[in-house]
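Notes for the one structure printed next.
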Amino acid sequence: MMKNFVISKFKDKFAILLSFILCACLLTASDANFAISAKASKESSVKNYIENCIDENVKVLFIGDSRTVDMFYADKSEIKGKVYNNITVYAKDGATFGYMKNTLKKVNVKNYDVIVSWMGANDHGNFDKYSSYYKKLNKKTHGHLVLCTIGYSDNSKLGDLGDCLYYNDGIMQNFNKGLNKWAKKNHVETINLYSYTKKHVTARSNNGVHYVPSPTVDLWNYTVKQIIKKVGEFGFTTEEEPDGTGVPKVPEEKVIQ
């Protein structure tokens with residue numbers, strides 16, 4: 001009888017141990033499946049940056065604010081001179097006219113053939129402060145200045161009173177109105193990022209000003225394509241040498257000494 005009792009206890013403990021082992025196996029498998037699913041989901045949502053690049057012998061500077069930062073990072077607030085697609089980028093969250101002026105002083109405008117500006121979203125619709133500065137900048141770049149109209153805001157998603165007052169879509173359109181009028185008068189090239197974002201980009205919920213998914217890869221890819229077109233229109237070309245190698249050629253007035 002004692003023997004049967006011992007055997008019975010052993011069976012009970014073995015059953016409990018076996019149950020623990022089975023539970024552990026199931027949990028491990030579940031965690032592994034979850035991790036794989038999460039990884040697959042994340043990878044499937046990742047978009048590729050465009051491979052097209054500006055000719056490495058044509059120096060292009062791109063300057064912007066947080067919307068520019070968002071084209072590359074979801075968790076950073078500033079980009080200091082990083083190069084993407086052979087385009088040197090400077091951008092900072094909350095950047096205004098003052099940031100642009102200070103940055104262009106530091107980097108030396110003469111070191112660049114083409115300057116592209118996507119500024120103004122934080123200037124509350126006031127383009128006037130940019131007009132005289134852009135006029136001087138256009139002369140320094142020998143007419144190789146490109147202005148991007150600032151992107152739209154989704155009024156239905158604006159987060160607070162401050163956003164409603166200073167970042168509503170009417171404010172954005174007012175700035176662009178001044179920009180387009182000035183650019184036309186001064187024969188300055190523009191890239192219409194307002195129309196592109198309005199049609200193809202979604203604004204963030206409870207924000208309405210920044211865009212998703214972040215980073216906004218498609219927005220950068222579109223911008224690069226437009227910059228490449230502008231560079232071509234400016235006359236920066238590639239001529240073929242007898243050996244078949246491409247030798248970049250820039251207009252004589254823009255050769256950097």
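The two residues Y167 and N122 come nearest to each other via the heavy atoms OH-OD1, 2.9 Å. The heavy-atom pair separating I54 from N86 by the smallest distance is O-ND2, 2.7 Å. Smallest separation of non-hydrogen atoms from M71 and L219: SD-CG, 3.7 Å. Scanning both residues, I87 and I227, for their nearest heavy atoms gives CD1-CD1, 3.9 Å. Closest of all the heavy-atom pairs between V58 and V231 is CG1-CG1, 4.2 Å. When every heavy atom of V69 is checked against every heavy atom of S77, the shortest pair comes out as CG2-O, 3.9 Å.
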Go through it in stages, so that I can follow the logic: the residues are F72 and Y84, the test is side-chain contact (heavy atoms from CB on, under 4.5 Å), and I'd like the CA-CA distance, side-chain angles, deciding distance and then a yes or no. CA-CA 9 Å; F72 306 97; Y84 311 91; 3.5 Å; yes
Would you please test N126 and F97 for side-chain contact (heavy atoms from CB on, under 4.5 Å) and show each step? CA-CA 10 Å; N126 182 13; F97 175 70; over 6 Å; no
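Taking 4.5 Å as the limit, some side-chain heavy atom of K129 sits within range of a side-chain heavy atom of D123. Here the side chains of S117 and Y134 are in contact, with some heavy-atom distance below 4.5 Å.
With a 6.0 Å radius and a threshold of 12 heavy atoms from other residues, nucleotides or ligands, N108 has its CG atom above the threshold.
Once rounded to the nearest 0.5 Å, the distance linking CG of L104 with OH of Y99 reads 9.0 Å.
A distance of 6.0 Å or more separates the ring centres of Y222 and H200.
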